[in-house]
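To keep things clear, I will list the structure first and then write my remarks on it.
Reminder, nothing fancy here: chain letters follow the sequence lines and each chain counts from 1.
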Protein chains: 2
Amino acid sequence: MNNKNNETIDTPTYENGEKMYVATDCIIFGFDDGILKLLVFERRVKPKQGELSLIGSFVSPNENVTEAAQRVLKEITGLENIFMEELKCYSNIDRDEGARCLSIAQYALIRIGEYDKQLVEKHGAQWYEIGKLPKLVYDHDQMVEDALERLRTKSRFYPIGIELLPKQFTIPQLQKLYEVIHQKQLDPRNFRKKVLSLKLLIPLNKKDKTGSKKGAYLYKFDYKKYKKLEEKGFNFSIFK
Amino acid sequence: MNNKNNETIDTPTYENGEKMYVATDCIIFGFDDGILKLLVFERRVKPKQGELSLIGSFVSPNENVTEAAQRVLKEITGLENIFMEELKCYSNIDRDEGARCLSIAQYALIRIGEYDKQLVEKHGAQWYEIGKLPKLVYDHDQMVEDALERLRTKSRFYPIGIELLPKQFTIPQLQKLYEVIHQKQLDPRNFRKKVLSLKLLIPLNKKDKTGSKKGAYLYKFDYKKYKKLEEKGFNFSIFK
DNA sequence: TCAAAAGTGTTGCCGGTACACCCATGG
DNA sequence: CCATGGGTGTACCGGCAACACTTTTGA
């Protein structure tokens, strides 16, 4: 047993490390009338003035990464307590030409009717439809691609899609959301049957008439019941 | 449109950020004769000398986080090209009392027969059975818990469990692995039927006699075929 | 009155689950 | 020869997929 050969591992003293800048970037999804959108931000200052980027910030000494992302999100949209999840750490050495800087990307799902439009405008942020997104700065394109992939895989087994809909929503709306996320047409009869069989939608006996003349019944998601089921290993899967 | 109110967001100049130490820690799983194990490491130096911790390192200026983790893994086990995936970034401000330091945890799945025993011993690392694990330093307990959770959820839909078995394995071995990971007894007849129906195991027409007198047929996993299926949205799920 | 979307029901089939017996072999 | 684990077959049932028609109502 000899300590000298492996000092870099056995002795993680701080002199061995080099400090780095740590940022967080938010991939903010919204769903508006059948269209999946992303909130991006036009840089008003150098470097890369005028180019599009995700919304982000450095992580301050007095906060952890999650708190930093929540702070940014609130500053830009006015929203708190929204669905946000860590995506991945981006750490390539040349990802930011200015200095060694890594970013922990987080993706957020927001109800597009609820954000503060004035705040968003003030920060030069705009919604872009997924698929019509221009080039973003640095590795932000990659982040968006990865976030989309995560949204697809995760929404297959967890009801996170609900976070993109208004708190009261109709079954056709929910179906449309799944179709857009998964790029796949679904049979409305089977979709309805499947969704209702899960017994996780609470009928509100109210109709939403914006989508059709007949109107569609509104539901809300039974979060409490879902939480209980989830603990027992239940999976909210719409697809087989 | 006014630039002055939002400089902290619109102008991510490096003066606004504070640099931090960035580390990576590896949660290394192994599967040995029906038992799921973790490779942990006894610290030989201060601080926290003699206590148990995960294997980790600071991220150097000339490498990204993945490379750092691969470096550590090779230094300790001699292994390269093994399954490793980012788990989560741990960034609480007081997680390391010495300095502001965040860690990007990665979990790795290794074939327990293949690592370099001498190297492991030299670094003071040892295998512990999951569930009989003593307290680890800092937030490493939390990392292990999160990694286990990830292993459970991910192995439900992706064949990552295979990474823990020898390259040639038997169906009873595979079943045992699933049982241990998911803490659940499975019916051997149904398990076999299900696994074979996926057509992803290549029979080797050889028997492994270490487990029984009769011997069990050996198989290997068809990675190429799986890759193709995965691209089409196929899911390797053993459970419903 | 009609176009457009919402809502309802049936059937066949595949796959999951439950369950019992024979096989091979080393000791 | 027998204990131990490995391997095979069947029958039932529930859930998924495919598919056509009626309802509502604003324009």
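Within 6.0 Å of the NZ atom in A:K228, the count of heavy atoms belonging to other residues, nucleotides or ligands does not exceed 12.
Taking 4.0 Å as the cut-off between side-chain N and carboxylate O, B:E85 and B:R150 count as a salt-bridged pair. We find that B:K37 and B:E129 are not joined by a salt bridge, their nearest charged nitrogen and carboxylate oxygen being 4.0 Å or further apart.
Put simply, CD1 on B:I238 is 15 Å from C1' on C:dT17, counting in whole angstrom units. At whole-Å resolution of the value, CD1 in A:I171 and C1' in C:dA5 are 14 Å apart. Nucleotide D:dG6 holds its P atom 18 Å from the NZ atom of B:K206, rounded to whole Å. Separating the CG atom of A:L201 from the P atom of C:dG7 is a distance of 12 Å, rounded to the nearest angstrom.
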Inset, instruction - Please step through salt bridge (Lys or Arg N to Asp or Glu O under 4.0 Å) for the pair B:K184 and B:E179, ending with a clear verdict. - result: CA-CA 5 Å; B:K184 194 176 181 176; B:E179 291 183 336; over 6 Å; no
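Toward the 5' end of DNA chain C, the nearer of the two residues A:K207 and B:K209, judged by each one's closest nucleotide, is A:K207.
Between B:Y226 and B:F234, the ring-plane angle classifies as perpendicular under the 30° and 60° cut-offs. Between B:Y178 and B:H182, the ring planes are parallel. Angles under 30° get that label, and only those over 60° would be called perpendicular.
The side-chain contact (heavy atoms from CB on, under 4.5 Å) with B:F29 is formed by just one residue from the set B:I110, B:L39, B:I130; it is B:I130.
Taking a 4.0 Å limit (strictly below) on heavy-atom distances, residues 173-198 of chain B reaches DNA chain C at B:D187, B:R189, B:N190, B:K193, B:K194.
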Give every pair of a protein N or O atom and an N or O atom of nucleotides 3-5 of chain D that lie under 3.5 Å apart, one pair per line with the distance.
none

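Contacts of B:S197 classified as side-chain hydrogen bond (donor to acceptor under 3.5 Å, both in side chains), with partners at least two apart in sequence or in another chain: none.
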